[in-house]
Amino acid sequence: MSMNLTTTDQDLKTRLQNWLPKIVLAPSFGLVVFFVYGFIAFTLYLSFTNSRMLPSYEWVGWQNYERLFQIREWDIALNNLVIFAILYISICTVIGLILAVFLDQKIRGEGVLRPIFLYPMALSFIVTGTAWKWFLDPAIGIENTFHLWGWQSFSFDWIKDRDMAIYAIVIAAVWQSSGFVMAMFLAGLRGIDDELLKAAQIDGASNFNLYRRIILPQLRPAFLSAFVILGHLAIKSYDLVIALTGGGPGNATALPATFMYSYSFTRNQMGIGSASAVIMLLTISAIMVPYLYAELNEKKR
């Protein structure tokens with residue numbers, strides 16, 4: 001009889017141990033489902049309605065999406081996104097890889113340099129945008145400093161130039177994210193088997209072939225992760241643009257996120273703003289889904 005009671009107590013204890021984490025996480029999970037996925041579904045619904053200042057339940061079908069791609073500001077935002085994303089991802093990847101290779105040489109002072117390179121990522125994009133706005137302002141920033149030093153012909157007014165302002169956004173974004181990419185590549189480099197590298201060196205492989213045939217292929221997961229993270233940051237970039245240029249001059253630095261906010265909350269066109277948000281979500285999904293699929297297949301293998 002006592003053995004049966006002991007077995008029952010052990011079963012209850014085991015069940016409680018299995019269910020306790022689920023019970024503890026259930027409220028947080030419920031809040032995430034409601035406030036994230038619930039509002040995503042609500043935004044999707046609003047994109048098919050005639051919502052303006054407030055949500056409306058008048059169904060208009062695909063009309064908002066048709067109107068969206070007829071708006072000139074949306075075309076400008078998409079073109080700016082292509083320029084920004086390509087430069088942002090490629091430059092961050094190159095700089096991050098170079099810094100990671102540099103630190104992987106076991107140089108003296110690595111413990112000091114690594115936090116310095118990572119420090120910008122600890123700042124919010126609002127802080128970064130505000131700081132770079134001061135740096136790039138011709139009246140008080142880099143241009144003014146060179147003028148005070150006697151170089152009167154120096155000009156660096158990209159932040160005021162409609163054709164160059166988007167590249168000022170790229171500069172600030174690259175400064176903030178390159179250190180984070182460096183950390184990913186450095187972790188990948190430190191994870192490569194030293195015995196494999198030593199064997200290749202014994203076989204007479206040059207440093208160029210060592211990186212081209214062994215090291216860079218081993219960094220494929222880091223490259224993929226960097227692309228996904230930077231692509232996600234590029235598509236949803238809003239606070240950096242608002243703090244640095246406010247989307248100007250004119251609409252020269254408008255991005256889909258700034259367009260969505262403007263049409264949803266400033267121009268009182270919530271239906272069109274919701275449609276632009278859905279397009280952004282689909283774009284991010286187009287990046288994330290293949291990545292998750294590849295990761296799952298890799299784990300199965």
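Keep in mind that what you see is a predicted model, and the values were worked out from it rather than measured. For this chain, numbers begin at 1 and follow the sequence in order.
- Note: Trp132 and Trp175 have perpendicular aromatic rings, judged against thresholds of 30 and 60 degrees for the angle between ring planes.
- Using modelled atom types, no side-chain atom of Asn268 and backbone atom of Arg52 make a donor-acceptor pair closer than 3.5 Å.
- Between the CE atom in Met260 and the CG atom in Leu68 there is a gap of 12.0 Å [rounded to 0.5 Å].
- Cluster membership for Val127 and Ile140, using ILVMFWY side-chain heavy atoms within less than 4.5 angstrom, is not shared.
- Taking the six-membered ring where the residue is Trp, Phe42 and Tyr45 present parallel rings, their angle staying beneath 30° rather than reaching 60°.
- Judged purely by atom type and a 3.5 angstrom limit, Thr253 uses its side chain to pair as donor or acceptor with the backbone of Gly247.
- No continuous path of hydrophobic side-chain contacts links Val60 to Tyr263 [ILVMFWY only; heavy atoms under 4.5 Å].
- Classification of the Tyr88-Phe84 ring pair by plane angle, with boundaries at 30° and 60°, yields parallel.
- One finds the OH atom of Tyr37 at 6.5 Å from the CD1 atom of Ile40 (value rounded to the nearest 0.5 Å).
- A distance-only check finds no donor-acceptor pair linking the side chain of Arg267 to the backbone of Ser262 [under 3.5 Å].
- Heavy atoms from other residues, nucleotides or ligands lying under 6.0 Å from OH of Tyr167 number 12 at most.
- When atom types are taken as modelled, the side chain of Thr49 and the backbone of Leu46 share a donor-acceptor pair closer than 3.5 angstrom.
- From Ser177, atom OG reaches atom CD1 of Ile91 across 11.5 Å, with rounding to the nearest 0.5 Å.
- Contact record, Arg190 with Leu103: NH2-O, 3.1 Å, taken as the closest heavy-atom pair.
- Side-chain N/O atoms of Ser47 and Tyr65 include a donor and acceptor closer than 3.5 Å.
- The aromatic rings of Phe48 and Trp62 sit perpendicular to each other, their planes meeting at more than 60°, with 30° as the lower class boundary.
- If you chain together hydrophobic residues whose side chains sit under 4.5 Å apart, Tyr119 and Met184 fall into the same group.
- For the pair Phe185/Asp104, no side-chain contact is recorded, criterion being any heavy-atom separation below 4.5 Å from C-beta on.
- Using a 4.5 Å cut-off on side-chain heavy atoms (C-beta onward), Trp74 and Pro256 make contact.
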Go through Phe102 and Leu113 one step at a time and tell me if the side-chain contact (heavy atoms from CB on, under 4.5 Å) criterion holds.
-> CA-CA 11 Å; Phe102 172 69; Leu113 292 175; 4.0 Å; yes
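- A donor-acceptor contact shorter than 3.5 Å is absent between the side chain of Asp137 and the backbone of Lys133.
- Once rounded to the nearest 0.5 Å, the distance linking CZ of Phe156 with OG1 of Thr145 reads 12.0 Å.
- Rounding to the nearest 0.5 Å places OG of Ser285 at 11.5 Å from CE of Met280.
- Considering only heavy atoms from C-beta on, Phe259 comes within 4.5 Å of Ile71 through its side chain.
- Between Leu219 and Leu97 there is a side-chain heavy-atom pair separated by less than 4.5 Å.
- Of the inter-residue distances, the one linking Ile279 atom CD1 with Leu78 atom CG reads 8.5 Å to the nearest 0.5 angstrom.
- Counting only distance, with no hydrogens or angles, the side chain of Gln105 and the backbone of Val101 share a donor-acceptor pair below 3.5 Å.
- For the pair Gln152/His147, a side-chain contact is recorded, criterion being any heavy-atom separation below 4.5 Å from C-beta on.
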